[in-house]
Amino acid sequence: MRAAVIQFPGSNCDRDMFVALEKVAGKGNVTMVWHKDADLPKNLDVIGIPGGFSFGDYLRCGAIAARSPVMNAVVDFTNKGGYVFGLCNGFQILAESGLLPGVLMRNAGLKYICKNVELTVETTDSPFTSLYKKGEVITTPIAHHEGNYSADPDTLKMLAGDDRIAFKYVDTPNGAMDDIAGILSANKRVLGMMPHPERLNDAALGGTDGVRFFEGIANGLVSA
């Protein structure tokens with residue numbers, strides 16, 4: 001598996017994502033790509049967009065990053081059926097790019113939240129969730145000020161009806177509509193989620209519920 005991690009000014013989880021992907025892809029198979037690059041490495045299987053504070057969260061979280069030169073290549077990669085996932089700020093960037101529906105608003109309490117939360121796995125029909133059990137409760141950290149997922153009623157109905165809700169919060173920390181923590185694209189090849197599975201990807205980090213997220217990506221792409 002060959003993967004790329006997109007770096008924006010303000011990304012601070014890019015290294016964590018690189019380590020998590022390299023763990024399943026092997027050394028030499030993960031490349032960092034700067035946001036000003038117009039082209040992506042050849043023969044990529046998956047692109048990860050990390051968390052952080054791209055462009056200092058000015059304007060709106062992810063709004064400026066979504067217009068970086070590299071995002072044209074990411075959108076093209078996605079339109080050709082490529083696999084892309086965005087975590088935290090990465091989810092915001094995917095929403096601002098129009099690759100996923102809805103928006104991420106300020107948390108209901110207007111405060112930054114950093115803690116471990118419990119999620120339920122809503123579908124296993126994607127590489128990102130395939131190694132979990134449907135309905136399983138897992139633990140992952142959150143660290144955001146704007147993770148309140150919002151969408152119009154028709155979009156929420158569509159996400160639920162098309163089995164595109166990947167994860168829900170057990171106890172919503174940020175006011176997200178329908179307790180949504182992560183969603184999928186129509187072809188299930190693009191995922192955005194506010195929690196950070198890369199931060200519980202090794203026992204040394206305090207938990208391993210994020211391991212199957214990355215192993216699922218590798219296994220799914222090998223068998224695709």
Problem - Check ion pair Arg60-Glu96 (N to O, under 4.0 angstrom) - result: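 Counted as a salt bridge, because a side-chain N and a carboxylate O are separated by less than 4.0 Å.
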
Exercise for the section: Any chance you could lay out the salt bridge (Lys or Arg N to Asp or Glu O under 4.0 Å) test for Lys23 and Asp202, step after step, and finish with the verdict? Expected result: CA-CA 10 Å; Lys23 193 173 178 181; Asp202 191 291; 3.4 Å; yes

Which pair of heavy atoms, one from [X] and one from [Y], lies closest together, and at what distance?
X	Y	result
Cys88	Gly51	CB-CA, 4.1 Å
Glu198	Asn201	O-CB, 3.5 Å
Ala66	Met71	O-CB, 3.5 Å
Thr140	Pro195	OG1-CB, 3.1 Å
Tyr83	Pro127	CE2-CG, 3.5 Å
Leu40	Val74	CD1-N, 4.2 Å

Report the distance from atom [atom1] of [X] to atom [atom2] of [Y], rounding to the nearest 0.5 Å.
X	Y	atom1	atom2	result
Leu200	Ile138	CG	CD1	9.5 Å
Met193	Thr129	CE	OG1	10.0 Å
Thr139	Leu119	OG1	CG	7.5 Å
Lys42	Thr31	NZ	OG1	13.0 Å
Asn72	Asp37	CG	CG	12.5 Å
Ile217	Leu191	CD1	CG	8.0 Å

Is the backbone of [Y] close enough, under 3.5 Å, to the side chain of [X] for a donor and an acceptor to pair up by distance?
X	Y	result
Asn107	Lys111	yes
Ser185	Val190	yes
Asp45	Arg2	yes
Asn187	Arg189	yes
Ser11	Gln7	no

Exercise for the section: Evaluate side chain to side chain contact (heavy atoms under 4.5 Å, CB included) for Tyr149 paired with Phe91, printing each intermediate quantity in order. Expected result: CA-CA 10 Å; Tyr149 182 78; Phe91 185 13; 3.9 Å; yes

Practice task
Give a yes-or-no answer on whether the side chains of Gln92 and Asn89 include a donor-acceptor pair shorter than 3.5 Å.
Solution key: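 Short answer, yes.
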
Taking the side chain as every heavy atom from C-beta outward, state whether [X] and [Y] have any pair of such atoms under 4.5 Å apart.
X	Y	result
Pro197	Asp209	no
Asp14	Met32	yes
Lys133	Thr124	no
Glu122	Lys134	no
Ser54	Ile93	yes
Lys115	Pro141	no

Problem - Steps toward side chain to side chain contact (heavy atoms under 4.5 Å, CB included) verdict (Val33, Val5) - result: CA-CA 6 Å; Val33 178; Val5 176; over 6 Å; no

Under the side chain to side chain contact (heavy atoms under 4.5 Å, CB included) test, residues paired with [X] that sit two or more places apart:
X	result
Ala25	Met1, Asn29, Val30
Glu215	Val24, Leu131, Val211, Arg212
His145	Arg106, Tyr112

N/O donor-acceptor pairs under 3.5 Å from side chains in residues 155-178, not counting sequence neighbours:
{"residue": "Thr155", "atom": "OG1", "partner": "Asp152", "partner atom": "OD1", "Å": "3.2"}
{"residue": "Thr155", "atom": "OG1", "partner": "Asp152", "partner atom": "OD2", "Å": "3.0"}
{"residue": "Asp163", "atom": "OD1", "partner": "Thr123", "partner atom": "OG1", "Å": "3.3"}
{"residue": "Asp163", "atom": "OD2", "partner": "Thr123", "partner atom": "OG1", "Å": "2.8"}
{"residue": "Arg164", "atom": "NE", "partner": "Leu184", "partner atom": "O", "Å": "2.8"}
{"residue": "Arg164", "atom": "NH2", "partner": "Leu184", "partner atom": "O", "Å": "3.1"}
{"residue": "Tyr169", "atom": "OH", "partner": "Asn174", "partner atom": "ND2", "Å": "3.3"}
{"residue": "Thr172", "atom": "OG1", "partner": "Asp179", "partner atom": "OD1", "Å": "2.5"}
{"residue": "Asn174", "atom": "OD1", "partner": "Ala176", "partner atom": "N", "Å": "3.0"}
{"residue": "Asn174", "atom": "ND2", "partner": "His144", "partner atom": "NE2", "Å": "3.0"}
{"residue": "Asn174", "atom": "ND2", "partner": "Gly147", "partner atom": "O", "Å": "3.0"}

Connected via hydrophobic side-chain network under 4.5 Å: [X] and [Y]:
X	Y	result
Leu59	Phe8	yes
Val19	Ile6	no
Met105	Ile64	no
Val103	Leu87	no
Met194	Phe53	no

Practice task
Under the side chain to side chain contact (heavy atoms under 4.5 Å, CB included) rule, what do Leu205 and Arg199 come out as? Steps first, then yes or no, please.
Solution key: CA-CA 7 Å; Leu205 300 175; Arg199 293 188 183 178; 5.6 Å; no

Handout entry: side chain to side chain contact (heavy atoms under 4.5 Å, CB included) assessment of Val84 paired with Ile49
Key = CA-CA 8 Å; Val84 178; Ile49 302 181; 4.3 Å; yes

Practice task
In sequence, state the C-alpha distance, the side-chain angles, and the governing distance for Phe213 and Phe85, and then conclude on ring-ring contact (aromatic ring centres under 6.0 Å, His included).
Solution key: CA-CA 11 Å; Phe213 179 90; Phe85 68 99; 5.6 Å; yes

Problem - Residue pairs fulfilling ring pair (Phe, Tyr, Trp, His ring centres under 6.0 Å) with at least one residue in residues 22-47, sequence neighbours excluded - result: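 Passing the test, one end in residues 22-47: His35-Phe55.
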
Problem - Non-neighbouring partners of Tyr132 that pass ring pair (Phe, Tyr, Trp, His ring centres under 6.0 Å), sequence neighbours left out - result: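 In terms of ring pair (Phe, Tyr, Trp, His ring centres under 6.0 Å), with neighbours along the sequence ignored, Tyr132 is linked to no residue.
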
